[in-house]
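What follows is one structure encoded as structure tokens, with my remarks underneath.
Chain letters run A, B, ... following the sequence lines, proteins first and then strands; every chain starts at 1.
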Protein chains: 2
Amino acid sequence: MDVRTLCLGALMGGEATGYEIRKMFEDGTFSHFQIASLGSIYPALTKLTQDGLVTFVEHEQENRPDKKIYQLTSEGRRTFLRTLLQTRPAEDRYRSDILFMLTFAEEMPIELTEALIDEFAARHELMSQQIDPENTDKPAHQKSNARDENGELRPGCCFVAGLGQAMRNATLKFIRENKQGLLDELKARKTNKS
Amino acid sequence: MDVRTLCLGALMGGEATGYEIRKMFEDGTFSHFQIASLGSIYPALTKLTQDGLVTFVEHEQENRPDKKIYQLTSEGRRTFLRTLLQTRPAEDRYRSDILFMLTFAEEMPIELTEALIDEFAARHELMSQQIDPENTDKPAHQKSNARDENGELRPGCCFVAGLGQAMRNATLKFIRENKQGLLDELKARKTNKS
DNA sequence: GACTGCATGTAACCGGTTACATGATTCG
DNA sequence: CGAATCATGTAACCGGTTACATGCAGTC
């Protein structure tokens, strides 16, 4: 799925600026399973405007560059919905340098192994907080995209967020339960060899 | 982490052909958290050979193109280890078209939602079988990379594989427990609206 | 007869990242 | 006083994917 489609999806939850769209992928609703950087979002939005799938209203701001608040056109909405129906979703892909590196735990100093595990846990802990199912406490002006026009939580979002949460919890639990075991075994091996 | 480094890592478990390396990322040890396609592996291997980080022996085969069996040089090994020590691992990224699509469950026919969930579950189930911690039953000629020269399971690999397994299990469990709930809620909403 | 697995390789293409440019404000 | 947040935009670059080329063996 290219950034254009992703942007259309982001705008399904209501109007937003390019900057806010990035936040949805960085912090918000979509952060666990899609990414997109500003360098790709802005051109995508421009292209979508040319194709008539989105429109924007320019809001002047003092001491700040003008805000472009984007919105789906009815054709944009239709196009996105059609895409949903027609797209064969690509395979999921999870990339993790840390896990790749940990595969070689034997070959590196134990302190590094521990540091890597801790960093892994810390990062996931952070994400975990961001998805917190009842992230209702966020300031109202933040486009969360998880609610529809009536302010109701979209069931699809709940489901997906819940799934993300379940994954993270399992990850963190596994680390809590197995980190020490790994470190101990590595230590044992080292003393055996020397 | 670029494909070159990934290839070096793949060869840490012993010699392998380009084709076998791809399998490690497709099916094997690394399949859950890194990917690499043949189109990137072969050029990477060529480059690594030029740089003296790997060598290969050509094995003639009948009725088949020659096999190039690659192996780390001692410099390759050193380089890889240095990379492990020096690299700041990039952020983990999980991309899932299916989860993105499911976010918009409200907007699509219930059958599609169900089909997507089922496909998601099926794919994860498949991966789950591939990582099966005691995947000892695989034919011996398959380079698994999970064992060291003495045939012992590398503790790092165990840990990472276990983590992958824990994630998958949590995912599948969540789906079992919440799929029907989501579908029911979607149905309820539809009848409410009409 | 078609497809999959083994086995290597090349090259066009494309998409996204990174980095730069600009600039005020607020927080630590 | 520097860093981060808000806010947009451009362009070079790069890395990897996709598709093509080749060919035999075994399976469905």
Side-chain angles (χ1 to χ4, degrees), chain A residues 1-8 10 15-28 30 34-50 54 56-70 88 90-91 93 95 97 100 126 130 138-139 141-143, chain B residues 1-8 10 15-28 30 34-50 54 56-70 88 90-91 93 95 97 130 138-139 141-143:
Chain A
M1 285 208 149
D2 55 33
V3 180
R4 244 166 303 145
T5 310
L6 260 24
C7 285
L8 288 181
E15 46 176 41
T17 66
Y19 195 82
E20 285 169 334
I21 290 176
R22 193 216 45 180
K23 290 201 77 193
M24 294 180 201
F25 291 99
E26 191 100 319
D27 302 314
F30 304 124
Q34 288 292 348
I35 34 103
S37 65
L38 281 174
S40 55
I41 290 173
Y42 285 123
L45 251 15
T46 308
K47 185 85 199 311
L48 288 169
T49 308
Q50 283 162 12
V54 303
F56 64 89
V57 179
E58 225 158 344
H59 273 231
E60 285 173 44
Q61 299 189 121
E62 283 157 37
N63 309 326
R64 236 158 247 236
D66 293 357
K67 239 188 198 177
K68 286 186 180 174
I69 302 181
Y70 287 89
R88 283 251 70 210
E91 292 268 323
R93 43 188 49 181
R95 296 168 143 275
D97 282 4
F100 179 73
L126 224 175
Q130 284 168 357
K138 273 199 179 171
H141 66 269
Q142 285 221 353
K143 299 283 179 300
Chain B
M1 286 207 148
D2 54 33
V3 180
R4 245 166 303 146
T5 311
L6 260 25
C7 285
L8 288 181
E15 47 177 42
T17 67
Y19 196 81
E20 285 170 334
I21 290 176
R22 193 216 45 178
K23 290 199 78 192
M24 293 181 203
F25 291 99
E26 191 101 321
D27 301 316
F30 304 125
Q34 287 292 349
I35 33 105
S37 64
L38 281 173
S40 55
I41 289 172
Y42 286 123
L45 251 16
T46 307
K47 184 86 198 312
L48 288 169
T49 308
Q50 281 162 14
V54 303
F56 64 88
V57 180
E58 225 157 341
H59 273 233
E60 287 174 44
Q61 299 191 121
E62 284 157 34
N63 311 325
R64 238 159 248 235
D66 293 356
K67 239 189 200 182
K68 286 186 181 174
I69 302 181
Y70 287 89
R88 283 252 68 212
E91 292 269 323
R93 44 188 51 180
R95 294 168 145 274
D97 282 4
Q130 285 167 354
K138 273 199 178 172
H141 65 268
Q142 285 221 355
K143 297 282 179 302

Q: State, to the nearest 10°, the angle formed by the axis through the first five base pairs of the helix from C:dG1-D:dC28 to C:dG28-D:dC1 and the axis through its last five.
A: 50°

Q: Could you tell me the separation between the CE atom of B:Met1 and the C1' atom of D:dG15, rounded to a whole number of Å?
A: 16 Å

(Q) Please classify the nucleic acid contact of A:Thr46 as base, sugar-phosphate, or nothing, using heavy-atom distances under 4.0 Å. (A) nothing

Q: Find the distance A:Leu45:CG to D:dT8:C1' and express it as a whole number of Å.
A: 11 Å

Q) Has the side chain of B:Asp66 got a donor or acceptor atom that lies under 3.5 Å from a matching backbone atom of B:Glu58? A) no

Q.
Using a 3.5 Å distance criterion without hydrogens, assess whether the side chain of B:Asp2 forms a donor-acceptor pair with backbone atoms of B:Thr5.
A. yes

(Q) Can you confirm if the NZ or CZ of A:Arg22 lies within 45° of the ring axis of A:Tyr19 and under 6.0 Å from the centre of its six-membered ring? (A) yes

**Q.** Nearest-angstrom distance from the residue atom CG of B:Asp2 to C1' of D:dG16
**A.** 11 Å

Q: Identify the heavy atoms of A:Tyr70 and A:Gly18 that sit nearest to each other, and give their distance.
A: CD1-N, 4.4 Å

Q) Quick check: does any side chain N or O of A:Ser40 sit under 3.5 Å from a backbone N or O of A:Ala36, one acting as donor and the other as acceptor? A) no

Q | Between C1' of C:dA11 and NZ of B:Lys47, the distance in whole Å | A | 18 Å

Q) With a 4.0 Å cut-off on heavy atoms, is A:Ile35 in touch with a base, just the backbone sugar-phosphate, or nothing at all? A) sugar-phosphate

**Q.** Rounded distance (Å) that lies between atom C1' of C:dA7 and atom CD of B:Glu58
**A.** 12 Å

**Q.** Considering all heavy atoms, the nearest B:Ile41-B:Ile21 contact
**A.** CD1-CG2, 4.0 Å

**Q.** Interatomic distance, A:Glu26 CD vs D:dC6 P [rounded to whole Å]
**A.** 11 Å

Q) Should A:Thr17 be listed as having a side-chain N or O under 4.0 Å from OP1 or OP2 of D:dT8? A) yes

Q. Any idea which heavy atoms bring B:Ala10 and B:Phe30 closest together, and the distance?
A. CA-CE1, 3.9 Å

Q) Rounding to a whole Å, what distance do you find between B:Arg93:CZ and D:dG16:P? A) 13 Å

(Q) Rounded to whole Å, how long is the line connecting atom CG of A:Asp66 with atom C1' of D:dC6? (A) 13 Å

Q: Provide the closest heavy-atom pair for A:Leu45 versus A:Val54 in the form atom of the first, atom of the second, distance.
A: O-CG2, 4.0 Å

Q: Carefully, step by step, assess B:Ile35 and A:Glu91 under the rule side chain to side chain contact (heavy atoms under 4.5 Å, CB included).
A: CA-CA 11 Å; B:Ile35 33 105; A:Glu91 292 268 323; over 6 Å; no

Q) Which residue lies toward the 5' end of DNA chain C, B:Arg22 or B:Tyr70, if each is placed at its nearest nucleotide? A) B:Arg22

Anything under 3.5 Å between a protein N or O and an N or O of nucleotides 18-20 of chain D, put it in a table, one pair a line.
none

Q) Do the side-chain N or O atoms of A:Tyr42 get closer than 4.0 angstrom to the phosphate oxygens (OP1, OP2) of D:dT8? A) yes

Q) Between C:dT8, D:dG16, C:dT10, which nucleotide has the shortest distance from any of its atoms to the side chain of B:Lys68? A) C:dT8

Q. A:Val3 and A:Ala44: which non-hydrogen atoms are nearest, and at how many Å?
A. CG1-CB, 4.0 Å

Q) Of all the choices, D:dC6, C:dT8, C:dG16, which nucleotide is nearest to the side chain of A:Lys23 once you look at every atom? A) D:dC6

